[in-house]
Amino acid sequence: MPTPMVLTMILVAVVFLLFLTFISRYKRCPSNSILVIYGKTGSGAAKCVHGGAAFVLPLLQDYEYLDLEPFVVPIDLDNALSQENIRVSVPTTVTAAVSNQEGIMQNAAVRLLGLSREQIQSQAQDIILGQMRAVIATMEIEEINQDRQAFMGKVNEAVSTEMEKIGLTVINVNIKDIEDESGYIKALGQKAAAEAINQAAIDVAEQEKMGKVGVAERERDQRTDVAAANAAAEIGEAEASRDRRQRVAILESEAEIGEAEATRNKRQNVSSLDAEAVQAEAEAESKKAGYMAQQRVAEEIARQKGQEAAKAADGAIRVAQERAEKEAEDARALREEARLQAEIVVQAEAEKQKLVVQAEAEKAQKTLVAEGEAAAILAQRQAEAQGTQAILDAKAEGYRELVAACGGKDQAAAAFLIVERLTEVASIQAEAIQNLPLEKVMVWDGGNAQGGLSNLGQRMMGTIPPMHDLARLAGLELPEFLGRMTGSSEQQTHTSDSGGGGTAGAEDQTGPSS
């Protein structure tokens with residue numbers, strides 16, 4: 001448990017540290033600088049103080065100085081176009097400085113704080129060059145050369161307006177010379193010099209004439225005046241001698257009277273001046289004493305106010321720090337809760353909903369696809385079955401009607417079916433042999449003399465052997481109901497010739513009866 005003495009020493013040390021802090025943060029601004037306080041100023045981006053002092057709050061504020069010393073900006077302006085499109089070179093020096101006027105100081109604090117003098121000069125040089133070119137473009141070259149004061153006034157006005165935007169003020173504009181590439185200004189000077197020389201020669205001749213006339217007149221007047229002067233001199237000498245004697249007597253008496261009066265006035269003036277000096281010294285001492293007393297009272301009041309302000313500022317700072325820490329803790333807790341909610345709960349819920357939606361979508365999609373495929377297969381199979389059934393029913397009905405038309409004879413019905421498909425068989429035979437190298441051609445015929453449609457069936461049956469040969473050449477094997485071939489081709493041909501159109505062996509060719 002600390003003793004009261006230790007607590008007192010700690011309190012004194014804290015108060016002393018606060019006092020040192022207050023002293024170190026109380027900044028005085030010299031007359032050739034601007035104190036710029038930035039941070040939480042409550043009055044814009046920065047607070048500018050010139051020729052005074054201000055307290056800089058720790059942690060919340062900081063400060064820097066802007067130098068008000070003038071600087072010279074050399075401007076080597078070349079090839080600037082005048083109003084007549086004549087290129088002019090105007091070397092100039094501009095003296096500028098940071099402005100200490102309200103409003104412009106804020107511009108300097110915003111745009112020039114922290115820059116070196118070279119950087120500030122570079123910005124000012126760019127602005128001055130641009131404005132001088134703009135002013136020269138509005139003036140004629142004779143106007144620039146003859147009325148330089150007006151030219152300097154326009155340049156000063158234009159440059160000052162633009163320089164104030166960055167916090168600078170123009171002190172002086174000094175134009176060294178004006179030159180042009182075309183020699184126009186030089187020609188104007190030569191013209192003026194020639195006119196001056198000619199006028200001077202005229203004036204010299206006139207003055208010589210007047211001088212000679214004057215000399216003659218002066219000589220005449222001199223002789224006249226000399227004679228009159230001689231006469232007047234003699235008269236004057238006599239009068240002067242008389243007057244001198246009278247004046248000497250008067251002056252001597254007046255001198256004696258004046259010396260007496262001067263001595264008396266001197267004594268009176270010395271006594272009055274001594275009294276006034278004593279009175280002035282007394283008044284000065286009393287004023288000095290009153291001023292010193294007022295100064296001591298003002299210093300004591302300022303010291304008390306400074307201590308009170310330091311205490312109030314320290315309390316406000318502690319309260320603000322505690323409030324800021326509490327708000328920061330609350331904000332961190334809310335942010336952590338929101339982060340956990342966003343990163344874990346919301347993400348998990350979103351993943352869950354996403355998986356559920358994906359599963360339901362896949363299930364619905366697969367169900368729809370399976371149902372569609374099953375319906376399509378069923379419809380296709382039903383259509384194919386119905387088509388096949390229709391074809392088979394039609395064929396069966398046709399075959400029944402064909403067999404009934406042939407009187408129940410299967411071989412006759414088969415012969416009619418062959419005749420019906422003969423065109424397709426011929427097409428197949430033609431496609432099969434169209435690219436084959438044929439070395440021989442075999443022709444079968446009944447060999448009888450009857451023509452027309454007589455014995456058509458017998459003759460059609462006689463075409464079966466060549467159909468078997470053609471099919472064999474094409475790599476095909478005809479069915480047995482079209483007949484089988486027995487023996488060689490020569491025996492079949494002989495039998496056909498002797499039997500009248502291939503009737504022999506009909507049983508073998510047509511096959512067994514169904």
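Separation of atoms CG (N172) and CE (M152) is listed at 6.0 Å; rounding is to 0.5 Å. Annotation: the span from M163 atom CE to I171 atom CD1 amounts to 9.5 Å, rounded to 0.5 Å. We find the CD1-CG distance between I136 and L81 to be 9.5 Å, quoted to the nearest 0.5 Å. Here the CG atom belonging to L168 is positioned 8.5 Å from the CD1 atom belonging to I128, to the nearest 0.5 angstrom. Here the CD atom belonging to Q146 is positioned 10.5 Å from the CD1 atom belonging to I178, to the nearest 0.5 angstrom. Atom CG of L35 sits about 10.5 Å away from atom CD of E64, to the nearest 0.5 Å.
Atom CD of E157 has 12 or fewer heavy atoms from other residues, nucleotides or ligands within 6.0 Å. Other residues, nucleotides and ligands contribute at most 12 non-hydrogen atoms within 6.0 Å of the CZ atom of R28.
Using a distance-only test at 3.5 Å, with no hydrogens or angles considered, no donor-acceptor pair links the side chain of R25 to the main chain of F55. Using modelled atom types, one side-chain atom of S24 and one backbone atom of L20 make a donor-acceptor pair closer than 3.5 Å.
Contact check for D147 versus F151: no side-chain heavy atoms found under the 4.5 Å cut-off. With a 4.5 Å cut-off on side-chain heavy atoms, D393 and E397 do not count as touching. Residues I75 and Q125 have side chains in contact (heavy-atom distance under 4.5 Å, counting atoms from C-beta outward). Residues L11 and L7 fail the side-chain proximity criterion, which asks for heavy atoms closer than 4.5 Å.
Summarising the geometry of Q123 relative to L115, their closest heavy-atom pair is NE2-CD1, 3.5 Å, with the distance given to 0.1 Å. The shortest heavy-atom contact between T161 and K165 is O-CG, 3.7 Å. T41 approaches Q61 most closely through the heavy-atom pair CA-NE2, 3.8 Å. Scanning both residues, M139 and E84, for their nearest heavy atoms gives O-OE1, 4.2 Å. Between H50 and P30, the shortest heavy-atom contact is CD2-O, 4.4 Å. The two residues R133 and N79 make their nearest non-hydrogen contact at NH1-O, 3.4 Å.
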Distance-only donor-acceptor hits, side chain of residues 91-104, under 3.5 Å, sequence neighbours excluded:
from, atom 1, to, atom 2, distance (Å)
T92, OG1, V90, O, 3.1
S99, OG, Q101, N, 3.3

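Under a 4.0 Å N-O distance rule, the pair K326/E329 does not qualify as a salt bridge.
Inspection of the Q380 and E384 side chains reveals an N or O donor paired with an N or O acceptor under 3.5 Å.
The ring pair (Phe, Tyr, Trp, His ring centres under 6.0 Å) pairs that include a residue from residues 65-111 are Y63-Y65, where partners are two or more places apart or lie in different chains.
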